[in-house]
Structures are given as C-alpha cells and as structure tokens.
Protein chains: 2
Amino acid sequence: MIERRKQSGSGLHDPILEKLGMEIAAGDLPAGHVLTLDGIQERFGVSRTVAREAMRILESMGLVQSRRRVGITVRPIADWNVFDPKVIWWRLSGPARAAQLRTLTELRIAVEPLAAGAAARAATAAQRSHVVEVAATLRRLGEAGELTEFMERDVEFHAILLQASGNEMFGALADVVAAVLRGRTQLGLMPHKPVPQALDLHEAVAAAVAGGRSAEAETAMRALLVEVRAAMLPG
Amino acid sequence: MIERRKQSGSGLHDPILEKLGMEIAAGDLPAGHVLTLDGIQERFGVSRTVAREAMRILESMGLVQSRRRVGITVRPIADWNVFDPKVIWWRLSGPARAAQLRTLTELRIAVEPLAAGAAARAATAAQRSHVVEVAATLRRLGEAGELTEFMERDVEFHAILLQASGNEMFGALADVVAAVLRGRTQLGLMPHKPVPQALDLHEAVAAAVAGGRSAEAETAMRALLVEVRAAMLPG
DNA sequence: GGGTCCAAATGGTGTTACCTTTCCGTTGAT
DNA sequence: ATCAACGGAAAGGTAACACCATTTGGACCC
C-alpha cells in the first residue's frame, strides 16, 4: 500500500532533474539565477533533447521559467508547486528540511483530523477493521520499544485514514505524511519511546472510525497531532 | 496579487498538453488507455520533440506512464498529482467538476481555519489592515448586491489570509481557492445575495486577525466555511 | 548628452533523420 | 503445455539544422 519512492523514470533526464531540483530547492541556485540549455548539456553530458525535457518538467513545477534569448531563470519559491511530491522531497532533503517539516506538520494538523472524521463516515468494512488492527499493533510495538517497526505501522495507520476519507486530495497526502514520519525520526525529533498517551489516542481514533463516530475521530486525531507537534518543538 | 491563469507558456507543446490533460481528467481517455507518440504527432501535427515534451510533463504529473515498446499508458487517478494546479483546473473544467469542488471545499475547511489562525500570529501590519479593509468592502458590496465584484474581493480576502499564514503550502492554495470561488458562481451554487451572517463572519475573521487573536480567527473562519458548505449542498 | 533606430549576437523553439534499447507477442521446439 | 528464441514496435537518445524572439549595443541624429 505504502510504496517507496522511485516509481519514476529510469530515463537519462531523471538524474539531471533530480540534481537541478535539489539545487534549486536547496537555494544553491537562487531565484533569478539563469541557466542555459548548453550549460546543462555540457554539465551532464547529455543531448539537447534530454536537457530540454528536464527543463520542461522543472518549468511545469514552477521552479524555472524558460524565455527566449534569456535562458532558464530560477523562479522564487512563491511560484513553485510546493505540493508536488518531488518538490516536497527535494526540500526535505536539503537545508530547508526543518522548515518543510514544520509547514507539513501544520498541513497535517489541518487535514488529518478532517480526514479521520470523513473516514468514520466513508470507510469500508475492511478499512475499519484494518485500522483497529493496526492501532493494536502500534500499542504492542510501542510498549515493546520497537521503534522502526512502530514507525512503519504508524505510516500505515495514517495512510489508511487518509485514503479512507473518500477525498482523493487527502489520499494523495499519504505519501507525504509517510515522508514526514520517516524524516522525523532521522532528525531525532521523535521521543525514544512513544508516550502512552499517543498509544491511547491512536486506539481512540481507530475505535471512533470503526464505530462511525465522526466527530470523535476528528477530535482524537487532532489531539494526537497536537501532541506530535509539541514533541517536535525545541525543548 | 491574484493573477489570472495563463502565466504559462506560449510554446507549441502547451495546447497539446492542455488537450490531453483535459481528456484524461475528463475520463475520455480512461486509465489503461494507451497512446503513442506517433499518434500524438499526427493528431496535433507536431514534431516528435514537441510530442515528447508534452508527454514528459503529463508523466511528471502522474497522469500517464511511458514505457518502451508499449506506449504511453493513462494511469488511474490514484497516481495523479491531484494538487497540481493544472490537474485541478482540468478537473474543474470537465464532468468531474462537482466532485472536484466538493473535495476542494473539504480541503478549504481543513486548511483555511488554521491558516487564519496562523495569520493572526504572523501577518504583517500591512496585511492586517488590508484584510480589515477588504472585509469592510465586502459588507458594502454584499449589501449593495454587487455580486461579481463581491466575489473578486472575496477571492482577495481569502488569498491574503492564506499568504499571511507564513506557511507557503497554505499560500499556494490561494489560486485554487480563487478557482473554487469563481467556479462556484458559474455553477449557480452561490446565494443570489450574500447572507448577512457571512458578512458578519468575514468581519469577525478580519478583526481577530488584525487583533492577533488566533483562536478566535480560527473559529470564525471555520464557521464561515461551514456555512459555505451548507450553502453548496443540494437543497 | 540623450533618445531613436537598426543590426548583430544569443539562446530557446521546432523539425528532421537516424540509431539504440527495451520488451511484448509470436513462434517453434521440446 | 512450457519455455526459449526471435522479430518488430515503440520509446529513448543523439545530432545537425533552420528559425525566431529578444536583448544588447552602437550608430546616428537631434
């Protein structure tokens, strides 16, 4: 269900897209900086066609703008498609990682409670039992201190609810949430052992969703996420 | 501040991207359908290069997947980047319009209250006074029954708050919200005259943001949006 | 000195031709 | 019926070219 990245291409343009995307997201190529196709060709040792394809993709993400006679201009962040999974990934991989985690966490606090509420209304029978099962597993793993496995099940927990919400835009955030959860541990922003309260809340959300109690699912999820944010704040 | 679409390209690939994107978003080209570059070349009378660029962009949006020997396969909606402004636009332009409006409205209910709360904390002095001013204008226009101008100011109102939130992901939704607001009137989902309660709530949000009262801004915005949704529901 | 206009340099845009690589589907042998 | 070999279809990639928009800079004239 939760797939690792790299669905993407094996093509020649992919590595260069990745490199340039990272450099722009990292600010190494600041807004206003100008690239040329010739420069890209030479730097990566590829043909014009390939360079152009990479550029077009960056352009469709709003990271650059191509103008005749001028070249390929890096655009300011306000113009980026900051919801594009690749852009999110690039920003998470660079120096803006902490800032991106913050904005994503805010987004989670906004969306996930509503998604949980919607899931309580719209989930299939299979999804309801699944989420209860995963919550139980989380308690077991959490109490046993199995952190990495805990995280993977946690990713699954949130993905189920986002996808069960019946709103494909919420569902599309599942991969992003997965990236946040995984990235958080790498940054050392997780407690070394999940707090009991978090385990209670996971179970409360699951039970509310399974029982179709929408408002309850929403509040429980909100409480869960607020705690998540509190744990991330310095101190 | 709020710009009309068509920032994009004047290139040859743009029209064909637009056409194919629409057809896929509309379901005319269902998941699993296979295109070929030759087919695209012939249909649009363009060279291979141009066809490939359009295809690459669609691929980066997750709408299609290109495989050797097979062709260009349309992917299921679960794989789309449903937050891409172009994808949103295409879905709003086709038969899925009502569904897209529903999911976007859910997203607004999730995000905008939090954004208003954040704006109350983070907005600049200029933004605070601006939002109050726009709210006052909204009351005047609403009471005068100037619907189209009302809508444009309403777009501005929401854009200010999303951008003042200090979260660039929220800010990026400003254009989407604009599309929703404009699209809603075209669908006849707006009351012919804004209800007084909505005018009160706009002013309440603005006052709370200007005064830095975060929680109050959040609740007022939530109330406003819940009313918006209620007005959209059939009946 | 400063404004107008023309010309050259620059760099993306689009086309064509050609070769390479992958891998689906068929075919044929076991 | 199973599986391996093969032909060919379609994308992947390269190269060379003509074209065109735009900028830059200089000539020219007030």
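Per chain, numbering begins at 1; letters A, B, ... match sequence-line order. Bear in mind that the values here come from a model prediction, so they are computed numbers and not experimental data.
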* To do: Whole angstrom is fine here: how far is it from CD1 in B:I40 over to P in D:dA10?
  => 13 Å
* Asked: Roughly, in whole Å, what's the span from CG in B:L58 to C1' in D:dA11?
  -> 16 Å
* Protein proximity profile, nucleotides 8-14 of chain C - base contact B, sugar-phosphate-only contact S, no contact -, cut-off 4.0 Å on heavy atoms -> -BBSBBB
* Strictly by modelled atom types, are B:Q127 and B:T124 linked by a side-chain donor-acceptor pair under 3.5 Å? -> yes
* Between A:D28 and A:H33: side-chain donor-acceptor atoms closer than 3.5 Å -> no
* To do: Decide salt bridge (Lys or Arg N to Asp or Glu O under 4.0 Å) for A:E152 and A:R182; before the verdict, give the C-alpha distance in whole Å, the side-chain angles of both, and the deciding distance to 0.1 Å.
  => CA-CA 8 Å; A:E152 288 305 323; A:R182 297 204 180 99; 3.1 Å; yes
* Asked: Who passes salt bridge (charged side-chain N to carboxylate O under 4.0 Å, His left out) against B:E23, sequence neighbours left out?
  -> B:K19, B:R43
* State whether A:E133 and A:R128 are salt-bridged, where the test is any N-O pair (Lys NZ or Arg NE/NH1/NH2 against Asp/Glu carboxylate O) under 4.0 Å. => no
